[in-house]
Amino acid sequence: MGDLLVVGSVALDSVKTPFGQVAEALGGSATYFSFAASFFTTVRVVAVVGEDFPGEHLHLLKTRGVDLSGLQVSKGKTFRWVGEYGYDLNEARTLDTQLNVFGNFRPVLPDALRKTPFVFLANIDPDLQLEVLRQMARPRLVALDTMNFWIEGKRQALLSVLAEVDALLVNDAETRQLAREPNLIKAARAILGFGPRTVVVKRGEYGALMISDSHFFFVPAYPLESVFDPTGAGDTFAGGFMGYLAKSEATDADAIRRAIVYGSVMASFTVEDFSLHRLARLKPEEIQRRYEAFQDLIRFEI
Ligand code: AMP
């Protein structure tokens, strides 16, 4: 079993959907990612929180065995994100982003973390993603996520880190925006030219597709009738994806296909409740049952 390291945001999220709202709830890309991946392998978080960050949230991550030795607590306020969704839950509207302690964050990796073989650069400032990558000793697989906020604000830094990663996991709008190409397939192919060998495009309720030089793969999303809050779906997808690869210590095309299904399974749970509430009561056997349901969902005879 390979270990997994993630750098990303640990946040307090205020989110409104047509079905309810939460204020200053536990969120952040590294939080969702590490919680989801902890069902598969040992996960180490590199991030920063402020002195205002509630201890109960740290406790929740510790109950899943998440390694917080790379989490700094700094003077100041924790990162905050405010967002809302309309009936089209595929599109988040960011109302406010307060970087707070992330504004001055300099990640310094404890020695024990530098040799972690599987690395996820979750959605955060691409300069920080690169700073973490530079401190790692030749990881076996590095994957990256980002969002419009950084594609618009830090394109050059993003392209620099993209040149050094094996896989990119982004949503469809970000794929088009990053490649500056409206056709999704062409856009994903163009991104292969920026560095990564694999591009996984997350399409919310329409599933996920994967493109590499020699493979194309698509899975639908699990057909859910009640979706409350899509926040964190992308990060939990990545947690299932990377968690499975790290656990099986495999990076071949078949393993990547299975990892995409595990990613889709984890995302399908997250959206069933606000914040990490559904993940906090998730049982490993539920993951396996839904994974098998996916096989049935896409099986057909010729
Ligand atoms: P997603 O999986 O794409 O829904 O990611 C949602 C999470 O991303 C939320 O919990 C936010 O705290 C976090 N987030 C939102 N904007 C940013 C940003 N600019 N940088 C880092 N994390 C962010």
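Count residues from 1 along the sequence. First listed ligand is number 1; within each ligand, the first listed atom is number 1.
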K.L.:
Determine yes or no for a side-chain-to-main-chain donor-acceptor pair under 3.5 angstrom, with T41 supplying the side chain and G2 the backbone.
P.N.:
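Yes, because the side chain of T41 sits within donor-acceptor range (under 3.5 Å) of the backbone of G2.
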K.L.:
Show the nearest heavy-atom pair for residues A30 and V45, with the distance to one decimal.
P.N.:
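Taking A30 first and V45 second, the nearest heavy atoms are CB-CG1, 4.3 Å.
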K.L.:
For R281, is the CZ atom crowded, meaning more than 12 foreign heavy atoms sit under 6.0 Å from it?
P.N.:
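Yes, CZ of R281 has more than 12 neighbouring heavy atoms, counting only those of other groups under 6.0 Å.
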K.L.:
Heavy-atom contacts with ligand 1 below 4.0 Å: which residues, ordered by chain and residue number?
P.N.:
S9, A11, D13, G27, G28, Y32, F79, W81, N123, I124, M147, F149, W150, P230, T231, G232, A233, G234, D235
K.L.:
Within the 3.5 Å criterion, strictly below it, is a donor on T231 or Y32 matched to an acceptor on the partner's side chain?
P.N.:
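Result is no, nothing qualifies.
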K.L.:
Look at the aromatic rings of Y262 and Y291 and report parallel, tilted or perpendicular, splitting at 30° and 60°.
P.N.:
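Ring orientation, 0 to 90° scale: parallel.
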K.L.:
For S264, which of F241, Y222, F237 qualifies under side chain to side chain contact (heavy atoms under 4.5 Å, CB included)?
P.N.:
F237
